[in-house]
Amino acid sequence: MGKLVTEMLKGTLEGIVLAILSVRPAYGYEITAWLRDQGFSDIAEGTIYALLVRVEQRGLVDVEKVPSEKGPPRKVYSLNAQGREYLEEFWRTWSFLAERLEQLREGNKQT
């Protein structure tokens with residue numbers, strides 16, 4: 001992944017993780033593995049764990065400790081009502097920005 005993609009991803013990663021959690025509860029490593037499977041190979045596990053701590057502190061997710069076969073219990077995150085509201089706002093903002101960027105791109109093609 002290039003530097004530009006990494007920089008752009010920093011601003012959207014929170015929304016991406018919340019979108020993943022809107023589909024089903026998951027723990028940090030699962031989220032990291034899914035992102036890597038989707039081509040985000042440069043994402044560090046620590047980045048996801050730090051983000052999960054932030055969204056937990058902001059009250060956007062619920063956390064359940066689930067026993068693990070290996071090691072300590074896993075923290076499984078699920079999107080709560082406040083997180084769903086935040087995610088809806090994220091998608092509205094994303095749509096607004098994507099539309100404006102597309103208009104800019106199309107405008108540049110016409111000149």
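In this chain, numbering begins with 1 at the start of the sequence shown. Because only heavy atoms are used, hydrogens play no part in the values below, and waters and symmetry mates are left out as well, while side chains stay in.
Counting only residues at least two apart or on different chains, the side chain to side chain donor-acceptor pair (under 3.5 Å) pairs with a member in residues 12-26 are E14-R58, E14-Y86, R24-E30.
A heavy-atom distance below 4.5 Å is not found between the side chains of V23 and L79. Between I20 and L35, the closest side-chain pair of non-hydrogen atoms falls below 4.5 Å.
Remark: E85 engages no residue in a side-chain hydrogen bond (donor to acceptor under 3.5 Å, both in side chains) (not counting sequence neighbours). In this structure Y49 satisfies the side-chain hydrogen bond (donor to acceptor under 3.5 Å, both in side chains) test together with E45, sequence neighbours excluded. In terms of the side-chain hydrogen bond (donor to acceptor under 3.5 Å, both in side chains) criterion, residue partners of E102 (sequence neighbours excluded) are, by chain and number, R105. R92 meets the salt bridge (charged side-chain N to carboxylate O under 4.0 Å, His left out) test with E89; sequence neighbours excluded.
Residue L97 belongs to a hydrophobic cluster whose other members are F96, with links defined by side-chain heavy atoms closer than 4.5 Å.
Residue L21 holds its CG atom at 9.5 Å from CZ of R84, rounded to the nearest 0.5 Å. Interatomic distance, OH of Y29 versus CH2 of W34, reported as 15.0 Å (0.5 Å rounding). In this structure, CD1 on I48 lies 4.5 Å from CG on L13, to the nearest 0.5 angstrom.
The backbone N or O of I43 sits nowhere less than 3.5 Å from a side-chain atom of T47 that would complete a donor-acceptor pair.
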Return all side-chain donor-acceptor pairs below 3.5 angstrom for residues 59-73, not counting sequence neighbours, or 'none' if the list is empty.
from : atom 1 : to  : atom 2 : distance (Å)
D62  : OD1    : N80 : ND2    : 3.2
S68  : OG     : K70 : N      : 3.2
S68  : OG     : K70 : O      : 2.8

Could you pull out all donor-acceptor pairs under 3.5 Å where a side-chain atom in residues 50-57 meets a protein atom, sequence neighbours excluded?
from : atom 1 : to  : atom 2 : distance (Å)
E56  : OE1    : K75 : NZ     : 3.2

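Nearest heavy-atom pair, I31 versus A26, reported as atom, atom and distance to 0.1 Å: CG1-CB, 3.9 Å. P25 and V76 get closest at one heavy-atom pair: CB-CG1, 3.7 Å. When all heavy atoms of Y27 and Y77 are compared, the closest pair comes out as CA-CD1, 4.4 Å.
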- Under the side-chain contact (heavy atoms from CB on, under 4.5 Å) criterion, do F90 and L18 qualify, and how do the steps go? CA-CA 10 Å; F90 171 83; L18 293 177; over 6 Å; no

